[in-house]
Each structure stands twice: as structure tokens, then as C-alpha cells.
There are 2 protein chains.
Amino acid sequence: MTSTRATLLQVAERAGVSLASTSRALHGTGASRAMVERVRAAAAELGYSADAIGRSLRMKKTFQIAFAVADIGNPVYVEMMRGIHEVLAPHGYRVVVMTTGDTAASAAELVRSLNSGFVDGMVVIPLRTDDELIAEIQRAPVPVVVIGRALSEHGVSSVSTDSAAGIGQAVRHVLDRGRRRIGFLNGPLDTTPGASRQRGFDAAIGAEGVHTERVETEIAGDFTVAEGIVAARRLFDRASGQAPRLDAVVAANDLLAIGAIRAARELGLSVPGDVAVTGMDDTELGRVFLPSLTSVSLGSAARGRAAAELMLGLTDDPDQQARQIAVGPELIVRESTTDGAA
Amino acid sequence: MTSTRATLLQVAERAGVSLASTSRALHGTGASRAMVERVRAAAAELGYSADAIGRSLRMKKTFQIAFAVADIGNPVYVEMMRGIHEVLAPHGYRVVVMTTGDTAASAAELVRSLNSGFVDGMVVIPLRTDDELIAEIQRAPVPVVVIGRALSEHGVSSVSTDSAAGIGQAVRHVLDRGRRRIGFLNGPLDTTPGASRQRGFDAAIGAEGVHTERVETEIAGDFTVAEGIVAARRLFDRASGQAPRLDAVVAANDLLAIGAIRAARELGLSVPGDVAVTGMDDTELGRVFLPSLTSVSLGSAARGRAAAELMLGLTDDPDQQARQIAVGPELIVRESTTDGAA
DNA sequence: AGTCGGACTGGAAACGTTTCCAATCCGGGT
DNA sequence: ACCCGGATTGGAAACGTTTCCAGTCCGACT
């Protein structure tokens, strides 16, 4: 019952050999069979286990990767974290979670904190991106991988997904099902996802050969169910007095979509009978909801895994060229746009 | 554009003062006004920021706390992590996430890994607990706080909740609403939550003055929606041929509850009309579900915060007496047990 | 038998920080 | 003018590990 942990030096003394040999014997290279055995025995007797800090100091490697998001607790981020952890853990890396806050400046500060060297790299999902943040990423002392916008022009490694194209898939899907009066429920336009999804919607509606009777866009205060309900009410209200009621709502994420469904129910509208609803992100929430939610999967776990793979490559060779990986969106059709009749 | 980060020694040379004074000036105690200014200036010019590893080695403190759960990704754990992070971050602690795997042995191994000293403490949520795990916790070189079972008798700090009492609240609630044919949908009995919730259910049903017409228990293979659906089908099937159909299902967590609702819908049963359903954990999933889910809140975020507070106390004084905190369960009534008629 | 080379070992330095201890400085009281 | 003490300062050690370098040993080849 030693109150203090055994050190390598103590193992060395116990085994009656030098510190250097002890290290070699335990770490594994260039030690004789006999030496290894002898040292192992001594280490076992003392219950030795190597100190991570001492090792880190000497090796200049912490075996830790930071994962920074605006809000741990958001299901999408959680799934990414799971993906990241899944890839990194088998390689001996620990994952440190951090929160960026929701401004680009606070994210930049977090990136700057990498200077203290507590981690070998960082995977970050900035809600908003500006030049300062990009500059900070470029001058970071360890590899940084961005999940979100593709940043090839800045020489930053990133994992992106074409959420604009994803919204396009959703729009075409509801058009295919004969809907012509379409509402788009988006989140704040000054966020990265908000901006690109708006772009995707406008492009899809404006595309060659698309015929609609009515198109409305409404912006929610945030990407949450609560804000989704409020904004969806406005959307339906706006559409009410006038002639044709909306028969489809394309939402910028699953939470907003669920908000839309709840608002529709309040008005006595059935989903998908009166109004079809699509979400985005393919969260568990949407999967188990009633009706289950048609949603555009952006491959959260896949993006997390991809980011982790990129990171592993960069930690091996920090000077390698920045790479971009794109994960394709995929429409998952479920009950909220299809029930009974085709 | 120095390719390598500045070290304290470089700052000292630049300022033309000793290493010791430089450290004091930046860290803050026992340095003259002039010295502080001089060193600060030099540090700023070099873009110096202290190396976390060097500091950790010397101070024997990592400013990191581990959070270990079976499965990051489970909404309940995520909320706890958020609570933990919320309390710890302002004190300068980082949170390292780790997965225990679902056996007691693998959790024990994780606790043993604390010997490498990469972290100042650990908050762990063991799915299963055995003597080895407890022993490992007791001999850990840093404070360990357990969320789950109260472990006062072993001198282990823990944050617990009386989920048995919580199930009791749910049972009484459905009884109050006139339901008499009650099914209990539980998860595996060899898990900590499974065991105590079963105990709570049995106690509530067996309590003085409780009148029921029918009581059934069904065990799902896991605490998931998918397993919940399967087990709920068995529950309803079992009840079918015979006379009175179940009019309430008490589920051991929200995921199982949602599984029960889906299974009920398959059979054409309305919720809460034909069958009332309660969950446990008060997850966002349940909050936004349709119908919104009556659920027993075990205060996930609150337990996370409490565990973090305990941890802060222990890192200040590792030898202080182990403490136990209990967070009371609270029934949150929503649509799945009440709609229209009282 | 003498030399060469490979395999192994030990000494010592280095990673970047904080802090103990001794030394220096300065002003004020005698 | 001298000494005392508080306030600052610098030197050096220490935290625990890995790894460079030089040295030792031993078998094998000429």
C-alpha cells in the first residue's frame, strides 16, 4: 500500500539496472530477453505504470485530441463525437471536449489556446467562420481539422458535406410526391449551415423545369424545436389568409422539422396528409418520432470518423498537404412525407 | 513566424531577467511592478504561452477530469456531460471523455488506467458494478466520483438518485388517473438501473392500499427504442388473449417508453386514450415527442453538476471524507398520460 | 591469437515549468 | 554612519520520462 505511485527510477533500482535500460525494456526496443524479463518483474512488483505527463514532456506528444463544438448536447455533435472517439481511441488517443461558444471570436480564442500544447490536434466545428478564425487555424502549432465548410482555398483540412445539395434532394423529393406549395424553414442566415442551406433551397426552387404554385421562406431564431414551432406558426399564418395552403415544409434540420410538425398539428393539419415535412441530419430524434421523419442524412458519424482519419494522418506527418473530404448527403425517406398513397 | 513555440527561458532572456523571476511575473506572486511589466512585454513580443505539459509535470496537476460512460451518445449521459462541463470549465478544468464498455471488468480497467496520471480525477457511470470495480476505485491515485448507485458503505463519493422511488411516482400517477392494468417495461435486470427500477416497481405495486386488476413485467434486451418495441409487443401480446387489456405502461426509461408507444400504435391503440405511457430520464426526445412523454426526471444535468462539485471539493482536499449526494426524482406530467379527460 | 563488429548496457542530457533557498538591495530606525 | 528586516531577485533543483552517445561484452572471422 505505497501511498505514492512508483516511478521508473524505482523500478530501475529494484531491478538493479540502469534507468535507460528500464525504459527500453518496458517500451520495447533494443533490450535483451533477460533484461525485459527482469524489469517486467520489478515493474509488476511495484505496480508501476508509466506517467503520462513525464512521457508527454519528453516525447512532445500528449496522445490527446480536442473536439470543440458550440454546444455539446446537440445530438448531431454527439454523434460526431462518437465517430471521432471510435476512430481515435484504438490508436491510443484520448478525446478532450471543449465548447467554442457561438461566436467566431470565441472559437478563435479556443484555437489559440492550442498554444499551451495540451493536445496533439483539434477537430473543430465552428458555427460561424471569419477571417480571424481562419488565420488562427493556419497558425496553430498543431493540426486542426474543420468540420463544416470546405476550406481548401485556405490550406485548411476540412470535412464538409454538401448540405445545399441535400436541401435540393429534399425539395425534389416533395416535388416528386406532387407537392407544389413549399415552405422552407431555416435557421439564422449568418451561421454556416443556415447560409448554405438557404443557398441550396433557392437553387433547387430556381432550377430548370421546376414548377411550384407557391414558395415561402421563414427564418427561426435558432436551430431548436422551440424556435421551430414559433417560426412554423408564422410560416403557416402567412400562408393562411391567401389562397393555397402550404402542402410541404422543408426544414433545415430535424429539430426545426419537428417544430413544424407540432405547429401543423396545432392547426389541425395532418402530417404527411395535409403537409409533408422533411428534416436534415437524420438524428435519432427523427428516426423514432411519430411520424418518423424523412430527413437528409449528412452522415454525422461518418463525418466524425473522416475528421478523425484526417487527424491521424496529420499527426503522423504535420506538414502533409491539407486535404478535404466531402461526405455526400443522402435522403432517408420515412413516414413524414409518405404514408399510404404514393 | 517562429516555427517553434517560445519557451519561458526565451522570454527570460529577452527580458534580461532570470527564469525564476519570469515565472513569478507571469504566474503572479512576489514580483515587482516593474518586473511584471517588463516580462509581460517580452512575453507578448514572443507570443509566449505557457506549456501545459511542463507545468503539469512540475505542479503534479493536469487540470483535466475524465468522464467515463458506457456509451457517449446516450442522451442521458450527454446531458450529464454538459452539466459536468458547465461546472468544471469555469474552474479551468478540461473534460476528457472515455468509454467504459459495458462490463464491470472493463470499467475497472479504465479506473486502473488512472495510474498513468493523465487526469486529476474521474467521474464514472458504471453500467454494472462489482467488487473488483469498487476495489479499483478505492485504490485509485486520484479522486473518483461515481454517478449511479450510492456507495457510502465503501467510502466512495457518489451521486445517486432514487430511481426506485421515481418508478413509484410513475406508478402512483397512472393509478391516480384510474388505470388498473399496468405493464412494466424494464431493461436488463443485471444492470444497476434495471435492478433498482424493478425493485421500485415491485414495491409500488405491493404497497399498502394499492388496487390493481392486472400487473405484468417484461424485460427488454437493452434500454433502446428498438428493443423497447420488441418487448412491448410481447407485453401487449401476453395481455391480449386473456380478459382485460393493459391500460398503462410504465417504462424504465424514455427510449423504452417510446418503443411502447410505437408498439401500441401498431396495434391500433391510442396513447394515452387506450393506454397511458410513462418514461424515465426526461430526455429531450420525450419532451418533443408526440404525444409528449410523461417522464420521471432523474435530474441528469443536476447529477452531472453535483458530481462535478464533489470532484472540485476532492481535488482541493483529496483526503476529505467521501460524500454522497442524492438528487430527488421528479415526475413531469405531459401528454402521454393525460389528454383531455382528467 | 588478434581484431572486427554487432548486441546490449549505462551515463547524462533534455523536454518546460515552478519553487526552495540564498543572496542582494533598499529604506528606516538607532 | 550602521544595522536590521522586508521586498525582490537569481541559482539550482526537481517533476518522470526518452534517447543520444559512448562504452562494454562476446562471438566469429581471418
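Below, chain A is the first sequence line, B the second, and so on; all start at residue 1.
- Chain A approaches DNA chain C within less than 4.0 angstrom (heavy atoms of the protein), and the contacting nucleotides run 5' to 3' from C/dC8 to C/dG16.
- Looking at A/Phe67 and B/Val97, their side chains never come closer than 4.5 Å, going by heavy atoms from C-beta outward.
- Residues A/Ser49 and A/Arg24 both approach DNA chain D. Their nearest nucleotides, taken by heavy-atom distance, put A/Ser49 toward the 5′ side.
- Using modelled atom types, one side-chain atom of B/Thr315 and one backbone atom of B/Leu312 make a donor-acceptor pair closer than 3.5 Å.
- Defined by atom type and a distance below 3.5 Å, a donor-acceptor pair is present between the side-chain atoms of A/Ser21 and A/Ser18.
- In this structure, the side chains of A/Ile53 and B/Ile53 come closer than 4.5 Å at one or more pairs of heavy atoms.
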Let me see the working for B/Arg112 and B/Glu132 under side chain to side chain contact (heavy atoms under 4.5 Å, CB included), right down to the final yes or no. CA-CA 11 Å; B/Arg112 187 164 36 242; B/Glu132 185 205 355; 4.1 Å; yes
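- Remark: B/Asp222 CG to B/Thr191 OG1 distance equals 9.0 Å, nearest 0.5 Å.
- B/Gly30 comes within 4.0 angstrom of a base, heavy atoms only.
- B/His27 contributes atom NE2, which lies 7.5 Å from atom OG1 of B/Thr29 (distance to the nearest 0.5 angstrom).
- Here the NE2-OH distance, from A/His85 to A/Tyr93, works out to 14.5 Å after rounding to the nearest 0.5 Å.
- Here the P atom of nucleotide D/dC25 and the CE atom of A/Met35 are 14 Å apart, to the nearest Å.
- In this structure, the helix from C/dA1-D/dT30 to C/dT30-D/dA1 shows an angle of 60° between the axis at its start and the axis at its end, each fitted on 5 base pairs and rounded to 10°.
- Between B/Ile72 and A/Val78 there is no side-chain heavy-atom pair separated by less than 4.5 Å.
- If you check residues 11-23 of chain B against DNA chain D, the residues with a heavy atom closer than 4.0 Å are B/Val17, B/Ser18, B/Ala20, B/Ser21, listed by number.
- Remark: the A/Thr103 side chain and the A/Ser106 side chain contain an N/O donor-acceptor pair separated by less than 3.5 Å.
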